[in-house]
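Just dropping this structure here.
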Amino acid sequence: MPSSPTSATRAADERKDFSQQDVVNACAAAADELAKSRQLAAVLEKENGLLNERVEAAKRSSALLKELNDTRKSENEALRAAIAAKNETIAAKDAVISKQDDLVRELKNKKTSPWKRLADVMLGVAIFAVLK
């Protein structure tokens, strides 16, 4: 912006002969400077308003990001809990399978001898004969 003439004309100058033109020029310069100052003030107020809007937008954005972060944290905690529950379920299933394997081995080891089976059959036949 080109510099405007200064309005700082002193009232009591070394020269005692102020012309009317000097006073008019000084007043015009002061009026021009005042108009430009008002324009600058309006621009600064508008910029200040825009900066305030930007600050508010940043605050809203920050609040949303905090909420998103909290949501992600709780999501992660829920996932950890779900994984822990899944691991416990798998461990319980493994324990059940292990017990069943133990029972199968135990039953295989408890095979009865052919003589024991024959005795059981004979006992059954005897009971059937008595009941008849």
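Just so we're clear, the structure is a prediction, and the values are computed from it rather than from any experiment.
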**Item:** Qualifying salt bridge (Lys or Arg N to Asp or Glu O under 4.0 Å) pairs with a residue from residues 113-125, counting only residues at least two apart or across chains
**Value:**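 Salt bridge (Lys or Arg N to Asp or Glu O under 4.0 Å) check on residues 113-125 returns Lys116-Asp120.
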**Request:** Could you identify which residues cluster with Ile127, counting Ile, Leu, Val, Met, Phe, Trp and Tyr as linked when any side-chain heavy atoms lie under 4.5 Å apart, either directly or through a chain of such contacts?
**Result:**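 Other cluster members: Leu123, Leu131.
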**Request:** Starting at SG of Cys27, measure out to CG of Leu34 and round the result to the nearest 0.5 Å.
**Result:**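 It is 12.0 Å, given to the nearest 0.5 Å.
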**Prompt:** Residues two or more places apart in sequence or in another chain: which of them pass side chain to side chain donor-acceptor pair (under 3.5 Å) with Asp101?
**Reply:**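 Asp101: no side chain to side chain donor-acceptor pair (under 3.5 Å) contacts found.
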**Asked** What residues form a side chain to side chain donor-acceptor pair (under 3.5 Å) with Asp102, not counting sequence neighbours?
**Response**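 Residues passing side chain to side chain donor-acceptor pair (under 3.5 Å) with Asp102: Arg105.
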**Pairs where residues 73-85 contributes a residue and the test side chain to side chain donor-acceptor pair (under 3.5 Å) is met, not counting sequence neighbours** =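 Every pair satisfying side chain to side chain donor-acceptor pair (under 3.5 Å) with a residue in residues 73-85: there are none.
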**Item:** Pairwise salt bridge (Lys or Arg N to Asp or Glu O under 4.0 Å) hits with a residue in residues 55-65, at least two apart
**Value:**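 Residue pairs passing salt bridge (Lys or Arg N to Asp or Glu O under 4.0 Å), neighbours aside: Glu56-Lys59.
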**Message:** List the residues meeting side chain to side chain contact (heavy atoms under 4.5 Å, CB included) with Glu45, not counting sequence neighbours, and say none if there are none.
**Reply:**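 Glu45 satisfies side chain to side chain contact (heavy atoms under 4.5 Å, CB included) with no other residue.
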**Message:** Side-chain heavy atoms under 4.5 Å apart, restricted to Ile/Leu/Val/Met/Phe/Trp/Tyr: what other residues fall into the cluster of Met122, or is it alone?
**Reply:**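 In the cluster with Met122 are Trp115, Leu118.
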**Donor-acceptor under 3.5 Å (Ser61 side chain, Ala57 main chain)** = no
**Request:** Kindly write out the residues that satisfy salt bridge (Lys or Arg N to Asp or Glu O under 4.0 Å) with Lys46, not counting sequence neighbours, or none if the list is empty.
**Result:**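 Partners of Lys46 under the salt bridge (Lys or Arg N to Asp or Glu O under 4.0 Å) test: none.
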Report, one line per pair, each donor and acceptor closer than 3.5 Å where one atom sits in a side chain of residues 82-91; sequence neighbours left out.
from: Asn87; atom 1: ND2; to: Ile83; atom 2: O; distance (Å): 3.4
from: Thr89; atom 1: OG1; to: Ala85; atom 2: O; distance (Å): 2.9

**Request:** Would you please name every residue forming a salt bridge (Lys or Arg N to Asp or Glu O under 4.0 Å) with Glu106, sequence neighbours left out?
**Result:**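 Per chain and number, Glu106 pairs via salt bridge (Lys or Arg N to Asp or Glu O under 4.0 Å) with Lys110.
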**Interatomic distance, Glu47 atom CD to Asn52 atom CG [nearest 0.5 angstrom]** =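 Rounded to the nearest 0.5 Å, the CD-CG separation comes out at 11.0 Å.
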In residues 64-72, what donor-acceptor pairs under 3.5 Å come from side-chain atoms, sequence neighbours left out?
from: Lys66; atom 1: NZ; to: Asp70; atom 2: OD2; distance (Å): 3.1
from: Thr71; atom 1: OG1; to: Glu67; atom 2: O; distance (Å): 2.8

**Prompt:** To the nearest 0.5 Å, what is the distance between CG (Leu44) and CG (Leu51)?
**Reply:**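 With rounding to 0.5 Å, CG (Leu44) is 10.0 Å from CG (Leu51).
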